[in-house]
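Heads up: the structure comes next, in structure tokens.
Just so you know, these numbers use all the heavy atoms, side chains as well, and skip hydrogens, waters and symmetry mates. Atoms within a ligand are numbered from 1 in the order they appear, just like the ligands themselves.
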Amino acid sequence: MTQTAPQSLADWQALAAALTLESRAYINDTFTDAADGATLTTINPATGETLAEVASCDAADADTAVAAARRAFDGGEWSQLAPAGRKAVLLRLAELMETHKHELALLDTLDMGKPVSSSLGDMAGAIGCLRHHAESIDKLYGEVAPTGNSALGLVLREPLGVVASIVPWNFPLMMTAWKIAPALAAGNSVILKPSEKSPLSALRLASLAREAGLPRGVFQVLPGFGHTVGKALALSMDVDCLAFTGSTAVGKQLMQYAGQSNLKKVFLECGGKSPNLVFADCKDLDRVAQHAAGAIFHNQGEVCIAGSRLLVENSIREAFVDKVLAAAERMQPGDPLDPASFMGAIVDDTQHARILDYIRKGVEEGARLRTGGQALDGPGLFIPPTVFDGVTDDMVIGREEIFGPVLSVFGFDSEEEAVRLANDSDYGLAAGLWSQDIDRIMRVTRWLRSGQVFVNNWAEMDQTVPFGGVKQSGNGRDKSHHSLEEYSDLKSVWMTLTP
Ligand code: NAD
């Protein structure tokens, strides 16, 4: 559809009314129903309206797609193409995404409820990711090992083969781009399984990929449930790599599936319960409070790196929490199609009920509910910013990933106590640290067990910096050159030279 730049709620509503949704799977260069005709219903959580009946793929579809992906890989049209050739196609895809970014953003907003301004930010991230990997792939050199003159040792970097990318619903197209851009740039064939809660943008992406010139079988999209098509891909004997973003529980299952099948490589980006440490020496506490609120309420709190544990030095805690409450007041949910909305709707009934259940537990456990706590009246699934103070590390709301707009505030009296609380978690995805004291910043940064540490900011990032977790938050890195390592292997070539 034609893309003009929508500015207002009415513009976005008009664009939504004109949308044509692709609901079929994309297998072997063909848009198709699931082999058994099954479908799943995708709902707009802001209104409760049905958006589409989408193909719900299963094992038979996975088998067809894996066979096509393998044929494509072995055929070499993509895997053996010179990197500059792959670059050209991926840059074309990025250009097409740019042209259609409003439509793609809208699909994510309708499908999972996030504000459209936030979805547009995701598109910039997704397109930037495509461009980064496209641009970098023809600038990477292999190695010549220092073997001595009687031999030549070459170290080549080669694609893995068939990569299955299984992604979540919270940033549907951006998480997709983080996975598929380096995997395709490296020369793999990629099968994308979007979340059953947000398949629409991935299916639109498939048509753009075809238009960009990705050869048959190199990129396929299989919508469906995790326990059906996701599991089938994970157990396949002919998938070489599972690249997963999602919950820690499912990540653990995928490792088992790999062990039960062909020992495929399993690259995981999983959950988090990220601590955000605020020391009393900060100069501008209003600014820090604004960021602390944004760290949890952005994207309705449905963010892997949400700053869901706010650790505040007790000497400023009372005053600081008041500032966070004031900031939260300005972040109330609104119509996701309104560009002015900061928060949108919760993705579906299940997640909505789960968040409310955690809020109930927080109250039962004796944490102090300072704001929020009640769902807004339906039909849309909206939960306002919710803040608990006086949380301790034995409370469920202080330990488990809620994945909703619920902030747990802890107090601490010393740097040691702050670090102990921060590290007392199964997760290690992100941590924030606010202080003016450079010695403290360096000390605490080194002690935090976390894939990334944000110092005097929350979640500033770009494509050049790797993203990923330690502990049960994952085992690899998206973004930057480092992500190519997830999708390629080293081949050592030893050539004996005739003296
Ligand atoms: P989820 O684990 O329920 O689902 C993720 C994907 O896995 C979906 O596509 C789902 O269909 C699929 N899946 C589920 N069960 C499966 C199975 N048995 N076999 C194969 N596939 C299966 O997670 P979610 O609810 O979609 O997303 C929320 C989670 O994602 C949170 O824990 C969040 O922290 C995490 N997340 C992590 C990052 C990161 O970069 N670390 C980014 C975004 C989200």
_Rounded distance (nearest 0.5 Å) linking atom CG of Leu381 with atom OG1 of Thr47_ = 9.0 Å
*So, Trp434 versus His291, ring centres under 6.0 angstrom or not?*
yes
*How far is atom 11 (O) of ligand 1 from its nearest protein heavy atom, and which residue and atom is that?*
Glu196 OE1, 2.6 Å
_Looking at Asp111 and Lys197, is there a salt bridge between them, counting it only when a charged N and a carboxylate O are closer than 4.0 Å?_
no
*Apply the test salt bridge (Lys or Arg N to Asp or Glu O under 4.0 Å) to residues Arg420 and Asp393: give CA-CA distance (whole Å), side-chain angles for both, the deciding distance (0.1 Å), then the verdict.*
CA-CA 10 Å; Arg420 185 191 62 72; Asp393 55 0; 3.4 Å; yes
_Per atom 28 (C) of ligand 1, closest listed option by heavy atom (Tyr427, Phe225, Phe403)_ = Phe403
*Under a 4.0 Å heavy-atom limit, does Met175 contact ligand 1 with its side chain, its backbone, both, or neither?*
side chain
*For the pair Asp238 (side chain) and Ala69 (backbone), establish whether a donor and an acceptor sit closer than 3.5 Å, ignoring hydrogens and angles.*
no
_What protein heavy atom lies closest to atom 9 (O) of ligand 1? Include the residue and the distance to one decimal._
Val167 O, 2.8 Å
*Nitrogen or oxygen atoms of His227 and ligand 1 under 3.5 Å apart*: no
*To the nearest 0.5 Å, tell me how far Asn456 CG sits from Leu433 CG.*
6.5 Å
*Using the salt bridge (Lys or Arg N to Asp or Glu O under 4.0 Å) rule, take Asp426 and Lys273 through it: C-alpha gap first, then chi angles, then the decisive distance, then the call.*
CA-CA 8 Å; Asp426 292 338; Lys273 186 77 180 175; over 6 Å; no
*Give the residue, atom name and distance (to 0.1 Å) of the protein heavy atom nearest atom 3 (O) of ligand 1.*
Ser247 OG, 4.0 Å
*Which ligand 1 atoms does Leu429 reach within 4.0 Å, using its non-hydrogen atoms?*
41 (N)
_Nearest protein heavy atom with distance in Å, relative to atom 35 (C) of ligand 1_ = Gly246 O, 3.2 Å
*Presence of salt bridge, Asp357 and Arg354, under 4.0 angstrom*: no
_Enumerated ligand 1 atoms positioned under 4.0 Å from heavy atoms of Tyr257_ = 18 (N), 19 (N)
*asked:* With respect to Gly226, determine whether any N or O atom, backbone or side chain, lies less than 3.5 Å from an N or O atom of ligand 1.
replied: yes
*Can you tell me the protein heavy atom closest to atom 27 (O) of ligand 1 and the distance?*
Pro168 CB, 3.3 Å
_Checking the side chain of Asn188 only, and the main-chain atoms of Ala183 only, is there a donor and an acceptor separated by less than 3.5 Å?_
yes
*Taking every non-hydrogen atom, the tightest pair across Lys179 and Ser165*: CB-OG, 3.7 Å
*asked:* Would Cys270 count as a contact residue for ligand 1, given that I'm defining contact as a non-hydrogen atom of the residue lying under 4.0 Å from a ligand atom?
replied: yes
_For the residue pair Gln472 / Lys252, report whether a side-chain donor-acceptor contact shorter than 3.5 Å exists._
yes
*Shortest protein heavy-atom distance from atom 40 (O) of ligand 1, along with the residue and atom involved*: Phe467 CE2, 3.2 Å
*Worked check of side chain to side chain donor-acceptor pair (under 3.5 Å) between Glu400 and Tyr358*: CA-CA 9 Å; Glu400 295 185 9; Tyr358 272 114; 2.6 Å; yes
*With a 6.0 Å cut-off on ring centres, are Phe403 and Trp169 close enough?*
yes
*Determine whether the side chain, the backbone, both or neither of Glu269 has a heavy atom under 4.0 Å from any heavy atom of ligand 1.*
both
*So is Trp178 close enough to ligand 1, meaning a heavy atom under 4.0 angstrom away?*
no
*Kindly determine whether Lys265 and Asp240 satisfy salt bridge (Lys or Arg N to Asp or Glu O under 4.0 Å), including the steps that lead there.*
CA-CA 6 Å; Lys265 187 170 177 177; Asp240 301 293; over 6 Å; no
*Provide the number and element of each atom of ligand 1 under 4.0 Å from a heavy atom of Thr245.*
5 (C), 36 (N), 37 (C), 38 (C), 39 (C), 40 (O), 42 (C), 43 (C), 44 (C)
*Considering distance alone, does some N or O of Asn170 sit under 3.5 Å from an N or O of ligand 1?*
no
_Which residue and atom name correspond to the protein heavy atom nearest atom 34 (O) of ligand 1, and how close is it?_
Glu401 OE2, 2.6 Å
*asked:* I want to know if ligand 1 touches Val250 in the polar sense, i.e. an N/O pair below 3.5 angstrom.
replied: no
*Does Glu98 pair with Lys101 as a salt bridge, N-O distance under 4.0 Å?*
yes
*asked:* Give the atom numbers and elements of ligand 1 that come within less than 4.0 Å of a heavy atom of Phe244.
replied: 2 (O), 5 (C), 6 (C), 7 (O)
*Rounded to the nearest 0.5 Å, how far does CG of Leu130 lie from CG of Leu208?*
10.5 Å
*Which is it for Val303 and ligand 1 at heavy atoms under 4.0 Å: side chain, backbone, both or neither?*
neither
_Identity and distance of the protein heavy atom lying nearest atom 20 (C) of ligand 1_ = Gly230 C, 3.3 Å
*Does even one non-hydrogen atom of Phe171 get within less than 4.0 Å of ligand 1?*
no
*Return yes when Ala234 approaches ligand 1 closer than 4.0 angstrom through a heavy atom, no otherwise.*
no
_Pick from Gly468, Cys304, Ala306: the one approaching atom 36 (N) of ligand 1 most closely through a non-hydrogen atom_ = Cys304
*Any N or O on Lys193 sitting closer than 3.5 Å to an N or O of ligand 1?*
yes
*Nitrogen or oxygen atoms of Trp169 and ligand 1 under 3.5 Å apart*: yes
_Heavy-atom nearest option to atom 12 (C) of ligand 1, drawn from Leu254, Ile166, Asp348, Thr248_ = Ile166
